[in-house]
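Everything below concerns the one structure shown next.
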Amino acid sequence: MSATVIVSSPAKEKDATGDIAVDLYPFIREYKGGHVERFLRSPFVPASEDAAGNRGVATKDVVIDKSTGVSARLFLASRAAAAAGERLPVIVYIHGGSFCTESAFCRTYNNYAKSLAARTGALVVSVEYRLAPEHPIPAAYDDAWAALQWVASLSDPWLADYADPERTFLAGDSAGGNIAYHTAVRTSRDGCLMDIEGLVMVHPYFWGSERLASETVREDGVAMFPPDLVDRLWPFVTAGHAGNDDPRINPPAEEVASLTCRRMLVAVAEKDSMRDRGRQLAAHMRDCAWSGDDVTLVESEGEDHGFHLYNPLRATSKKLMESIVQFVNQRSALPLPAAMLPELHELHGYGGKKTSEEGETDDCDQLTLSVPARPYIDIFGYGMAMKNWSGRKSMASGCLQIGLGKTSNTRYGLSLGGVRPNKTNRLSLPAAAPGSSVIKNFF
């Protein structure tokens, strides 16, 4: 299997391209002459309408806007297409990559979108949008909006023949989760376009100048996104026009309340620097006068940002996918009890414990379900490729280490609808209300 490409390079290196202007290694580097190096990228994969030779999923590429180059790759599972009498949900998927790397056509996101289509039975439209710094924000937002307008037009034969516009979902991971959110906000303001059934944000990229607990430097010094790197990213992708209090990465509560999508799923990872931003967004949805039906919060314990992309065979990756499948195919809302989401004030001092009125500490409000331990199979080669870089003394304040190559005792945190306590809970929760969902051990 082809490994994800990463170019090993010292942190402050000069080469034929000249002096470094902006260094966000190991993701991207811009030189004063205008040359840009992207380090984390996986190989291009061509589309194929041969579903039999593509694990049961046909794919094709379409150009949405010739003037900007915005395009998309469509994924249609043959089993779902053959089912008679019912149209398919549509997932408009927006890939991650810090607004400046990766592609809908790369191996990583081609494989993920293909799995998403196969598992959910949905018609997946994976958007290829313009990247910073060549095309600073808001180009990516405009491109996602153009893609959603194109989907709503049903101008493509696959959309016309199979799509159910009333079951349209916006989804994305990391930066793509941020873009999906803002596309949902824009749809809410322009209600004449189409209704959005659900919004799915996996490890969404949100930030701010005021540190939340997950944004502090970890004791082990290992993080996918060290806070000091994230601090420099948004000014870079906005061409220096915005800082970390920009409402586009630190959305105000009144904007969150304006969303008109019916349901929302937010997935966070315990070791992700952006974890508490996702939890905060979900808490805002609970506390505001939102017109939607429910909020689902999924937390993967022991994992970091984007783990599901680079190791889809891991138990936590499978359970994350399963939660998305359930969310997409859920026909009625399952209310999420308030106890499953943190209070907003807890996020500022959150360190894994909360203090009761009596002064005793207890685990924060989170349901944890056990999964069997499984070695981290580094199928994209990230762990070996990053080994030398993560050990550099110059980067001692924070490093990237994705493939650990050892057995994990990871457990999986899941919040979906009403929940009854069971022996795997980390805290006592009230009994589920009549008619609500009951989640127990999956194994």
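Keep in mind that the numbers below use all heavy atoms, side chains included, and drop hydrogens, waters and symmetry copies.
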Going by heavy atoms in the side chains, are Phe206 and Met201 under 4.5 Å from each other? yes
Measuring from atom OG of Ser258 to atom CZ of Arg189, what distance do you get when rounded to the nearest 0.5 angstrom? 6.0 Å
Taking the side chain as everything from C-beta on, heavy atoms only, tell me whether Ile249 gets closer than 4.5 Å to Asn244. yes
Take a 6.0 Å sphere around CZ of Arg55 and say whether it holds more than 12 heavy atoms from other residues, nucleotides or ligands. no
Distance col, row His182:NE2 vs Thr187:OG1, nearest 0.5 angstrom, shows 12.5 Å
Rounded to the nearest 0.5 Å, what's the gap from CG on Asp246 to OG on Ser209? Could you check? 11.0 Å
Check Arg167, Arg262, Gln330 against Glu197 for a side-chain hydrogen bond (donor to acceptor under 3.5 Å, both in side chains) and give me the one that passes. Arg262
Would you say CD of Glu134 has more than 12 non-hydrogen atoms from neighbouring residues, nucleotides or ligands within 6.0 angstrom? yes
Would you say the side-chain atoms of Glu86 and Tyr162 include a donor-acceptor pair closer than 3.5 Å? no
Does the gap between the ring centers of Phe39 and Tyr25 come in under 6.0 Å? yes
For a 4.5 angstrom cut-off between non-hydrogen side-chain atoms, does Asp164 reach Val90? no
Under 4.5 Å between any side-chain heavy atoms of Ser214 and Ser273, yes or no? no
Could you grab the distance from atom CD1 of Ile196 to atom OG of Ser188, nearest 0.5 Å is fine? 8.0 Å
Give me the ring orientation class for Phe225 and His305: parallel if the planes are under 30° apart, tilted from 30 to 60°, perpendicular past 60°. perpendicular
What pairs of donor and acceptor atoms, side-chain ones from residues 92-101 against any protein atom, are under 3.5 angstrom apart with sequence neighbours left out?
unit_1: Tyr93; atom_1: OH; unit_2: Asp173; atom_2: OD1; d: 2.6
unit_1: Thr101; atom_1: OG1; unit_2: Gly97; atom_2: O; d: 2.8

side-chain hydrogen bond (donor to acceptor under 3.5 Å, both in side chains) between Asp156 and Trp150, intermediate numbers included: CA-CA 9 Å; Asp156 181 84; Trp150 176 81; over 6 Å; no
Between the side chains of Ser67 and Asp65, is a donor N or O closer than 3.5 angstrom to an acceptor N or O? yes
Interatomic distance, OG@Ser174 vs NE2@His203, rounded to 0.5 Å, equals 9.5 Å
Can you tell me which residue among Arg275, Arg277, Arg279 is in a salt bridge (Lys or Arg N to Asp or Glu O under 4.0 Å) with Glu215? Arg277
Please tell me if the side chains of Glu49 and Thr59 come closer than 4.5 Å, counting only heavy atoms from C-beta onward. no
